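The next block holds one structure in the form of structure tokens; read it before the comments.
What you are looking at is a predicted structure, and each value in this text was computed from that prediction instead of being measured.
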There are 2 protein chains.
Amino acid sequence: MTEILGNLDELNREVAASDFDAIVAMSPENVPYTSGVLLWTQRTIRDRLALVVWPRDGDPTFIVATNEEGYVREKSWIGDIRGYVQHRESPIDVLADVLRERGLGAGRVGIEPSYLSADFHAELLSAMPEAQFAPCESLFERARMVKTPAEVELLTRAAVATERALMSTYSTAQPGDTERSLVNRLGAHILQAGADLPAFLYLTVGPNTGHAHPDPTDYVAREGDLLKTDCGGYFAGYYSDIGRTAVLGRATPEQRSVYSRLAEVHRETIESMRPGVPASHVFDVAARGYERVNIPFKGLAFAGHGVGLYIHEAPMLSADEHTELRPNMVFSVETRVRWPGREGYHIEDVVVIREDGPEWVTTFMPTSELMVI
Amino acid sequence: MTEILGNLDELNREVAASDFDAIVAMSPENVPYTSGVLLWTQRTIRDRLALVVWPRDGDPTFIVATNEEGYVREKSWIGDIRGYVQHRESPIDVLADVLRERGLGAGRVGIEPSYLSADFHAELLSAMPEAQFAPCESLFERARMVKTPAEVELLTRAAVATERALMSTYSTAQPGDTERSLVNRLGAHILQAGADLPAFLYLTVGPNTGHAHPDPTDYVAREGDLLKTDCGGYFAGYYSDIGRTAVLGRATPEQRSVYSRLAEVHRETIESMRPGVPASHVFDVAARGYERVNIPFKGLAFAGHGVGLYIHEAPMLSADEHTELRPNMVFSVETRVRWPGREGYHIEDVVVIREDGPEWVTTFMPTSELMVI
């Protein structure tokens with residue numbers, strides 16, 4: 001990533017409307033959002049903190065481990081970059097220095113306590129006893145919630161590429177394939193389709209479809225087995241997240257029935273997603289749909305979620321989330337049921353909210369009836 | 001993962017020798033270590049907390065989101081499993097209930113503040129004002145540091161598989177390949193080689209080799225370009241982590257010279273890794289080696305790291321880590337140099353500490369001289 005895809009003007013408006021003197025991006029979504037640089041190690045090496053200090057007035061500062069410093073200097077639009085040697089210097093000390101340099105030793109500073117570890121948090125409080133720290137994640141969430149045209153284009157392309165990769169995998173699936181070999185093919189197809197890395201590959205077969213996120217197994221697919229997938233990749237730091245269920249060779253009337261009822265709920269849920277509709281209303285539509293078609297809904301906390309630099313972005317399509325849908329929000333809508341140890345079904349599509357209603361992005365592989373492979 | 005690969009007896013000894021009434025596993029490494037179940041969503045959905053309460057006396061309790069509950073009930077050896085509905089119930093409330101049930105409302109409880117978010121941590125302190133919480137990561141680290149034979153076997157197999165996947169990618173690399181296409185092939189090969197998911201694929205070409213962990217680009221490889229890779233996969237929850245540098249078509253004398261000097265330091269570093277040697281001594285051997293062969297070492301915080309359920313496990317091969325090496329520790333030893341924007345070299349091998357010295361596991365692709373592809 002060498003360009004900013006998200007809307008930083010929106011972030012500046014949020015900061016201007018807040019009482020923060022500065023906010024600090026800390027998470028693997030807000031650091032690339034503010035800096036334009038994707039640091040993969042944020043996702044794998046937890047204590048290699050990267051921080052972007054974003055003041056109300058003036059230019060930002062980017063704090064990174066020296067391992068990443070050369071890359072960041074080349075790629076980021078941010079000019080003020082401070083490196084620290086991991087295991088010898090603390091990023092929190094550098095952060096405290098930067099804030100004090102800006103006269104914010106006793107300032108009001110927004111941080112991400114839902115991401116920052118309790119250890120780093122305690123270190124920060126002790127390094128800057130006069131400062132007032134408060135959470136600012138909701139401010140980032142609001143700024144990132146409505147996507148820019150460039151983000152919509154990327155998220156759409158990522159979703160379609162992932163759907164094609166899945167369709168390519170299902171197209172050649174047959175009895176005798178192991179679950180693991182299907183997972184491997186899916187991962188290879190997602191890479192071929194343009195992902196930088198597969199993010200998750202939950203492809204299950206037969207009785208394993210009863211689980212949500214299991215490890216791949218050596219189970220051998222047989223005629224009549226369900227194939228269920230929930231998968232995604234990283235595309236320039238953004239997630240794809242889609243799902244499909246199919247059956248090998250032949251479907252039972254019961255399988256067709258469960259699937260069709262679920263697909264009906266799925267379609268109704270998506271059709272309810274218009275600008276001005278609260279997220280909680282979409283959840284209610286889904287909940288009532290499950291109830292009407294007599295499919296268990298208990299334990300499902302949401303009907304879908306925003307998708308972007310994080311896998312579950314605001315707004316969640318959940319009972320308590322009353323944010324209204326707006327044009328250029330992008331969602332993964334997931335409708336699913338699982339009977340552990342027996343079978344499960346999962347349909348997940350990417351939907352862009354447009355002025356005149358939902359745009360169902362992933363329509364290459366049909367969802368209205370259970371696909372027989 | 002349906003079996004325990006790590007040494008839980010060692011964990012029990014650590015708990016018995018501590019003053020904790022119970023410890024709580026929280027991180028994506030300690031939850032599978034204690035429960036035998038790999039929860040992929042721990043790595044992607046940060047607020048979907050999974051917790052294993054491990055008391056000094058009595059049986060453990062596993063707290064998971066209902067999305068994962070059916071799977072966990074089927075796969076874990078732990079009998080007492082408590083589900084919570086995410087976004088409606090808090091895992092911290094369930095944790096507080098479980099601890100109080102055990103009479104530990106005012107007990108001394110070990111937690112993982114280097115992993116737990118500041119938010120969850122504050123919630124925990126407020127839910128259990130009488131309890132005494134203290135960090136217990138070092139206890140887990142010590143218990144996991146020396147691997148069991150099953151872990152050594154898995155880590156060895158994972159490293160060799162990843163090395164073969166990389167060799168397969170390099171074997172067919174040629175001028176005209178884009179960096180992105182090489183990354184895609186490497187990812188597909190790592191999956192074919194048996195990984196559940198690629199974990200990271202830092203394959204860079206030409207001037208991009210000057211960076212450590214960049215995004216893949218559309219750079220087109222040319223004769224004379226360096227190819228540098230630092231890559232790994234997840235194998236049943238455990239990491240592989242290896243690296244190699246090669247050159248396309250022809251090498252300059254300067255490239256050969258830098259590489260050979262680096263390879264010399266790499267070999268010396270590995271040869272120093274015998275039981276009883278402090279980790280810091282290995283770092284010193286590497287540091288002195290870089291200095292002697294006149295390759296910049298500044299900014300490199302470690303010469304390698306333990307590898308297992310986490311990518312950087314204890315002991316780190318760093319200046320301040322004085323833990324002595326012991327048989328059945330497993331390390332990724334990495335020797336590297338980078339000139340950002342120009343070029344870089346990286347050699348990384350998996351080494352098992354044996355009674356009689358280091359066993360260099362990844363020897364399929366030669367490292368002593370710069371490989372010309």
I'd like to check A:P28 versus A:L39 (side-chain heavy atoms, cut-off strictly below 4.5 Å). Are they in contact? no
Tell me whether B:S76 contacts the main-chain N or O of B:G36 through its side chain, where contact means a donor paired with an acceptor under 3.5 Å. no
Keeping the roles fixed (side chain from B:T204, backbone from B:K228), state whether a donor-acceptor pair exists under 3.5 Å. yes
Charged N to carboxylate O under 4.0 angstrom, A:D320 versus B:R88? no
Pair count under 4.5 Å, heavy atoms only, with chain B: among A:G70, A:P214, A:S318, A:G83, highest is A:P214
Any side-chain heavy-atom pair of B:L38 and B:V31 under 4.5 Å: no
How would you list, in number order, the residues of residues 334-343 of chain B that have a heavy atom less than 4.5 Å from chain A? B:R338, B:P340, B:G341
Contacts of type salt bridge (charged side-chain N to carboxylate O under 4.0 Å, His left out), residue A:E29, not counting sequence neighbours: B:R46
Using a 4.5 Å cut-off on heavy atoms from C-beta on, say whether the side chain of B:T44 contacts that of A:H312. no
Do you know which of B:H213, B:H121, B:H87, B:R73 has the most heavy-atom pairs with chain A at a distance under 4.5 angstrom? B:H213
Plane angle bin for A:F283 and A:F297 - parallel if under 30°, tilted between 30 and 60°, otherwise perpendicular: tilted
Side chain, backbone, both or neither: which part of B:T66 has a heavy atom under 4.5 Å from chain A? side chain
One option among A:F200, A:F302, A:F120, A:Y202 has the most heavy-atom pairs under 4.5 Å with chain B, and it is A:Y202
Residue among A:D47, A:V85, A:N208, A:V72 with most heavy-atom pairs under 4.5 Å to chain B: A:V85
Chain A contact via B:S27 - which portion, at a heavy-atom distance below 4.5 Å: side chain
Please check: side-chain N/O of A:Y71 versus main-chain N/O of B:D215, any donor-acceptor pairing under 3.5 Å? yes
Return the option, out of A:V183, A:I311, A:I111, A:T41, with the maximum number of heavy-atom pairs under 4.5 Å with chain B. A:T41
Quick one: does B:E179's side chain have a donor or acceptor within less than 3.5 Å of a partner on B:T217's backbone? yes
Name the member of A:P113, A:G210, A:A65 that forms the most heavy-atom pairs with chain B at distances under 4.5 Å. A:P113
Residue-level interface, residues 190-197 of chain B with chain A, non-hydrogen cut-off under 4.5 Å: B:L191, B:Q192, B:G194, B:A195, B:D196, B:L197
Do you know which of B:E112, B:R48, B:R43, B:R185 has the most heavy-atom pairs with chain A at a distance under 4.5 angstrom? B:R48
List the atom of A:L309, the atom of A:Y239, and the distance in Å for their closest heavy-atom pair. O-CE1, 3.6 Å
Out of B:K75, B:E74, B:E68, B:E69, which one pairs with A:H211 under the side-chain hydrogen bond (donor to acceptor under 3.5 Å, both in side chains) rule? B:E74
B:E137 to B:S114 - nearest heavy-atom pair and separation: OE2-N, 2.7 Å
A:E313: which residues meet the salt bridge (charged side-chain N to carboxylate O under 4.0 Å, His left out) condition with it, sequence neighbours left out? A:R144, A:K147
